[in-house]
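Before any comments, here is the structure.
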Number of protein chains: 2
Amino acid sequence: MDEKIEKKYRIGDFAEVTGLSSPTLRYYEKEGLINPHRTENGLRYYTEQDVDWIKFLLHLKSTGMTIEQLKQYVKWRAEGDSTIDKRVELLEEVRSNFEKEFENLQNSWTILNDKLDWYKGKVNGHIEDSESFAAYLKRLNHHE
Amino acid sequence: MDEKIEKKYRIGDFAEVTGLSSPTLRYYEKEGLINPHRTENGLRYYTEQDVDWIKFLLHLKSTGMTIEQLKQYVKWRAEGDSTIDKRVELLEEVRSNFEKEFENLQNSWTILNDKLDWYKGKVNGHIEDSESFAAYLKRLNHHE
DNA sequence: ATTAAACTTAAAGTCAACTTTAATTAATTG
DNA sequence: CAATTAATTAAAGTTGACTTTAAGTTTAAT
């Protein structure tokens, strides 16, 4: 009987591979976002699956999911395949919100670049001293 | 002597055009981010320039600038043209951080989409029940 | 076998960015 | 001109997402 030996991480090592701190991992556990195993003496340990989950969770967090939403997602996941629709619906909502926000971000990035170009135009004389940034934006047709 | 009559906004109207709340505007003022005028009776009023400034400030905030950084920016702006270099440097740093974060966001968005595709593949049978999401990502060459 | 490093817990503390409260005054509307 | 609506202030409260503290236990290294 050969057992597949899976790597086990204690909290400090797991913190290192995930980029989170040990207290954050304990906090996530308290919130129900992750459920590490325990040694017979009560020490946590994490597996490769836990690594995959935390990586995915961090992507979800980046796209704007809150701890509360993640909690709900985990709860549904634990309930099994009957909740796939709900999970998909939640992720689709997150995606939709993210896409709106993403467009705003692109716009803000454009305006930031415009401002830098404007400053540089002022300094090197390619933009008239009298032209306000608002007027400059209007000229470029970059609104809002 | 014809005077150009500029539109004046009281705080409630200004809140409406900027999308901020009145308390937030007072908070920004306390932090030194905006300096409205006052009527003889002490009521704040804001001008079109203030609208432009708040719109720009909100873009800066979107790209990740904190209130503290905005404070610094405003302080430099008040000091005049001699601080243009510093302001440009600050904005360039903000842009650079934003660009890094933006790449992460794009990646997270990809992974979120992959997850939704994976769920849908599971449900409609295009993806084998046995294929984990991690394996699916590996197959797509979408890593991290 | 000792000691240092890493772990355990529950509870309190921090931080940024607002938001709410309370008591008062100004402006607008019927 | 009374009543409603909108403004004023300072100070306290809220929220989400952690972080720190304190007091003890387990593991690893010499």
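The chains referred to below are lettered A, B, ... by the order of the sequence lines, with proteins before strands, and numbering in each begins at 1. No hydrogens, no waters, no symmetry mates; every other heavy atom, side chains included, goes into these values.
- Taking CG of B:L70 as the reference point, atom CD1 of B:I34 lies at 11.5 Å (rounded to 0.5 Å).
- Within residues 93-106 of chain B, no residue approaches DNA chain D, by heavy-atom distance under 4.0 Å.
- What separates CD of A:E29 from C1' of C:dT9 is a distance of 11 Å, to the nearest Å.
- Atoms CG (A:D13) and C1' (D:dT27) sit 13 Å apart, rounded to a whole Å.
- With rounding to whole Å, A:E31 atom CD is found 9 Å from D:dA17 atom C1'.
- Contact annotation: A:R44 side-chain N/O to C:dT8 OP1/OP2 distance is under 4.0 Å.
- Across all non-hydrogen atoms, the minimal contact from A:G80 to A:R87 is O-NH2, 2.9 Å.
- Smallest separation of non-hydrogen atoms from A:L58 and A:L20: CD2-CD2, 4.1 Å.
- In this pair, A:Y46 and A:F14 present their aromatic rings parallel. The plane angle is below 30°, not in the 30 to 60° band.
- Ring geometry, B:H37 versus B:Y45: the interplanar angle falls under 30°, so the pair is classed parallel (tilted spans 30 to 60°).
- A straight line from CG of B:L25 to C1' of D:dT9 spans 16 Å, rounded to a whole angstrom.
- Distance, A:L57 CG to D:dA17 P: 11 Å, rounded to whole Å.
- Minimum atom distance to the side chain of A:L43 is reached by D:dT26, of the listed D:dA28, D:dT9, D:dT26.
- As a whole-Å value, the separation of A:Y46 OH from C:dA6 P is 16 Å.
- A:E16 has its CD atom 10 Å from the P atom of C:dC7, to the nearest Å.
- Using the six-membered ring where Trp is involved, B:Y119 and A:Y73 have ring planes that are perpendicular, over 60° apart on the 30 and 60° scheme.
- Phosphate proximity of C:dA26 to B:R38: absent, as no side-chain N or O sits under 4.0 Å from OP1 or OP2.
- Residues B:H143 and B:N141 have side chains in contact (heavy-atom distance under 4.5 Å, counting atoms from C-beta outward).
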Going 5' to 3' through nucleotides 15-25 of chain C, assign each nucleotide B (protein heavy atom under 4.0 Å from a base atom), S (under 4.0 Å only from sugar-phosphate atoms) or - (no protein heavy atom that close). --BBSB-----
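- Phosphate contact (OP1/OP2 of D:dC18, side-chain N/O of A:R26, threshold under 4.0 Å): absent.
- Between the side chain of B:K71 and the backbone N or O of B:L33, no donor-acceptor pair lies under 3.5 Å.
- With respect to B:K120 and A:E92, a salt bridge is recorded, a charged nitrogen being found less than 4.0 Å from a carboxylate O.
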